[in-house]
Amino acid sequence: MDLSYILNELGEERENYFNSIAPPIMQTSNFKFNTVEDFRAALADEYQGNLYSRGFNPTIDILRKKLAALDGAEDALVFSSGIAAITVPVLALLQSGDEVVCVENPYSWTIKLFKEFLPRYGVSTTFIDGTDLSQFESAITAKTKLIYLESPNTFSFDVQNLEAVAKIAKAKGILTMIDNSYCSPLYQQPIAHGIDLVAQSATKYLAGHSDVVAGVLTGKKELLEKIFNKEYLNIGAALAPQNAWLLLRGLRTLPIRLDKISETADKVVAYLNAHPKVEKVLHPFSQDNKDLALAKKQMKKCGGLFSIVLKDADLTKIETFCNGLKHILMAVSWGGYESLIIPACAGINKTNFDATNNRHVLIRIYVGLEEAEYIIADLEQAFSKI
């Protein structure tokens with residue numbers, strides 16, 4: 001489908017709501033039925049209609065259609081957070097005795113899911129670097145039921161070969177799932193590469209205004225219906241209609257926001273690459289990325305997220321630099337209108353900080369919708385303090 005049609009028309013049957021241009025927020029908990037037979041049918045198959053807004057809702061249905069089309073998927077489920085969009089399907093598809101192969105260093109709460117939560121229920125996980133296909137082959141056993149990817153990773157920006165991993169998995173009857181939050185559907189479509197399930201934090205680019213927390217999962221309808229009828233309804237991780245409406249509003253400007261963010265980020269990355277106080281810039285399209293060709297094959301662009309390493313980085317230097325910023329905000333997340341920074345050391349006890357650990361010295365930067373000169377000027381005055 002044409003992108004403009006998806007964002008502005010798909011699912012919007014305006015004659016059903018007074019020919020209003022913007023869809024309404026159906027702020028209702030439940031829906032009435034005219035006959036017992038209609039009620040019986042809805043109770044027997046909630047996936048096919050609106051019964052109770054813990055499941056589906058007309059505002060959410062419009063959003064689901066758009067998100068599925070953006071990903072080139074058959075269907076979509078939306079959740080109250082990005083981690084819910086990861087946790088709920090994993091719980092629905094695995095059982096005691098199953099094994100997972102997961103790339104190292106995914107999103108922090110994904111790590112907790114695989115390392116701390118699932119082992120309590122008899123599900124084990126093998127973590128691999130993921131940049132070498134032989135690692136997947138070696139890690140897979142007869143009990144492996146899921147391969148979990150995050151490409152690119154959202155701190156060190158490692159990429160995995162989606163098509164090759166999907167082929168390995170399909171040959172062995174293993175499901176594949178990816179966190180595609182970094183790219184959004186506009187810059188990478190994992191389903192086209194053979195991945196079964198695509199999760200995203202809709203809090204990021206899809207919403208785009210730092211005022212919504214949400215998640216999305218796309219894939220084959222049969223698989224999503226299985227997830228919906230079990231853990232999705234039972235856990236109650238549905239998105240509220242108000243937030244679904246805000247997401248619809250955010251989607252309208254997704255292409256122009258991403259284009260602006262990417263264009264500005266390229267200028268900021270070029271400035272940082274040339275800066276004498278920067279040791280390295282970690283970015284999927286960096287010339288020194290060993291997987292540059294793969295990244296460019298799978299991704300259209302990179303968006304606004306990357307990391308830097310300061311020269312002779314130590315804890316004091318990192319903290320002085322980050323504390324010295326006046327306009328770039330220190331906060332989690334990304335994808336909104338505001339530029340952000342988060343040093344990896346903020347999540348590490350000071351006594352455990354190791355300047356020789358590549359992960360510890362990373363400083364992640366997100367470029368928002370400000371002008372490049374504005375962001376660069378703030379970085380430059382912070383550099384002057386170290």
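- When hydrophobic clusters are built by joining Ile, Leu, Val, Met, Phe, Trp and Tyr residues whose side-chain heavy atoms come closer than 4.5 Å, directly or via intermediates, I328 is grouped together with I308.
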Side chain to side chain contact (heavy atoms under 4.5 Å, CB included) between K280 and D288, worked out:
CA-CA 10 Å; K280 187 176 185 181; D288 58 355; 4.1 Å; yes
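- Proximity of the aromatic rings of Y187 and Y205 is defined here by a centroid distance below 6.0 angstrom, and this criterion is not met.
- The distance between the ring centers of H283 and F157 does not fall below 6.0 angstrom.
- Residues K66 and E12 are paired through a salt bridge, judged by an N-O separation under 4.0 Å between the basic side chain and the carboxylate.
- Taking the six-membered ring where the residue is Trp, the centroids of F114 and Y148 are separated by under 6.0 Å.
- Taking the charged nitrogens against the carboxylate oxygens, K296 and D291 have no contact shorter than 4.0 Å, which rules out a salt bridge.
- Judged by the 6.0 Å and 45° rule, K385 forms no cation-pi pair with F321.
- The six-membered or imidazole ring of Y232 lies near that of F79, with a centre-to-centre distance under 6.0 Å.
- T110 places no side-chain N or O within donor-acceptor distance of the main-chain N or O of P106, the cut-off being under 3.5 Å.
- Look at K301 and D259 and you find a salt bridge, because one of the NZ, NE, NH1 or NH2 atoms lies within 4.0 Å of a carboxylate O, short of that distance.
- At a cut-off of 3.5 Å, with distance as the only test, a side-chain donor of N16 or E13 sits close to an acceptor on the other residue.
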L77 vs V216, side chain to side chain contact (heavy atoms under 4.5 Å, CB included): CA-CA, chis, key distance, verdict
CA-CA 6 Å; L77 293 175; V216 56; over 6 Å; no
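- Not one N or O on the side chain of E338 forms a donor-acceptor pair closer than 3.5 Å with the backbone of L329.
- Of the charged side-chain nitrogens involved, none lies within less than 4.0 Å of a carboxylate oxygen, so that E46 and K230 do not count as a salt-bridged pair.
- Within a 6.0 Å sphere centred on CZ of F127, heavy atoms belonging to other residues, nucleotides or ligands number more than 12.
- Remark: R120 qualifies as a cation-pi partner of F117 under the 6.0 Å distance and 45° angle criteria applied to the six-membered ring.
- Cluster membership check: I111 does not share its hydrophobic cluster with Y107, using side-chain heavy-atom separations under 4.5 Å among Ile, Leu, Val, Met, Phe, Trp and Tyr.
- Taking hydrophobic clusters as Ile, Leu, Val, Met, Phe, Trp and Tyr residues chained together by side-chain heavy-atom distances below 4.5 Å, L149 does not share a cluster with L146.
- Environment of NZ in K297: sparse, with no more than 12 heavy atoms of neighbouring residues, nucleotides or ligands closer than 6.0 Å.
- A heavy-atom distance below 4.5 Å is not found between the side chains of T59 and P24.
- Cation-pi contact between K260 and Y337: absent, since separation from the ring centre below 6.0 Å together with deviation from the ring axis within 45° is not met.
- A donor-acceptor contact under 3.5 angstrom links the side chains of N180 and Q188, judged on distance only.
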Applying side chain to side chain contact (heavy atoms under 4.5 Å, CB included) to V213 and S80, what does each step give before you reach the verdict?
CA-CA 7 Å; V213 175; S80 56; over 6 Å; no
Please assess R40 against D45 for the test salt bridge (Lys or Arg N to Asp or Glu O under 4.0 Å), listing each intermediate value before the final yes or no.
CA-CA 9 Å; R40 181 179 293 116; D45 189 2; over 6 Å; no
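- Formation of a donor-acceptor pair under 3.5 Å by the E74 side chain with backbone atoms of G219 is not found in this model.
- With 3.5 Å as the limit, one finds a donor-acceptor pair spanning the side chains of N34 and K32.
- With ring centers used as reference points, F383 lies under 6.0 Å from H275.
- Between K167 and E163 there is a salt bridge, since at least one side-chain N of the basic residue sits less than 4.0 Å from a carboxylate O of the acidic one.
- Enclosure of atom NZ in K170 by more than 12 non-hydrogen atoms of other residues, nucleotides or ligands within 6.0 angstrom is indicated.
- The aromatic rings of H327 and Y374 lie tilted to each other, with the angle between the two planes from 30° to 60°.
- Checked by atom type, the side-chain pair D196/T176 shows a donor-acceptor distance below 3.5 Å.
- Formation of a donor-acceptor pair under 3.5 Å by the Q95 side chain with backbone atoms of Y121 is not found in this model.
- With hydrogens and angles ignored, the 3.5 Å screen pairs a side-chain donor or acceptor of D378 with a backbone N or O of K326.
- Inspection of the T316 and D314 side chains reveals no N or O donor paired with an N or O acceptor under 3.5 Å.
- No side-chain N or O of E99 forms a donor-acceptor pair with one of T126 less than 3.5 Å apart.
- Under the 3.5 Å distance criterion, with hydrogens and angles disregarded, a donor-acceptor pair is assigned to the side chains of S156 and R359.
- One N or O on the side chain of T203 and one on the backbone of A214 form a donor-acceptor pair closer than 3.5 Å.
- Panel note: side chain D129, backbone T131; a donor-acceptor pair is recorded below 3.5 Å.
- At a cut-off of 3.5 Å, with distance as the only test, a side-chain donor of K204 or S201 sits close to an acceptor on the other residue.
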Please report the C-alpha distance between L91 and L118 in whole Å, then the side-chain angles of each, then the deciding distance to 0.1 Å, and finally whether the side chain to side chain contact (heavy atoms under 4.5 Å, CB included) criterion is met.
CA-CA 8 Å; L91 293 177; L118 291 179; 3.8 Å; yes
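- Comment: D75 engages R64 in a salt bridge, judged by a side-chain N to carboxylate O separation of less than 4.0 angstrom.
- The cluster map of Ile, Leu, Val, Met, Phe, Trp and Tyr, joined by side-chain heavy atoms under 4.5 Å apart, puts V78 and I227 in different clusters.
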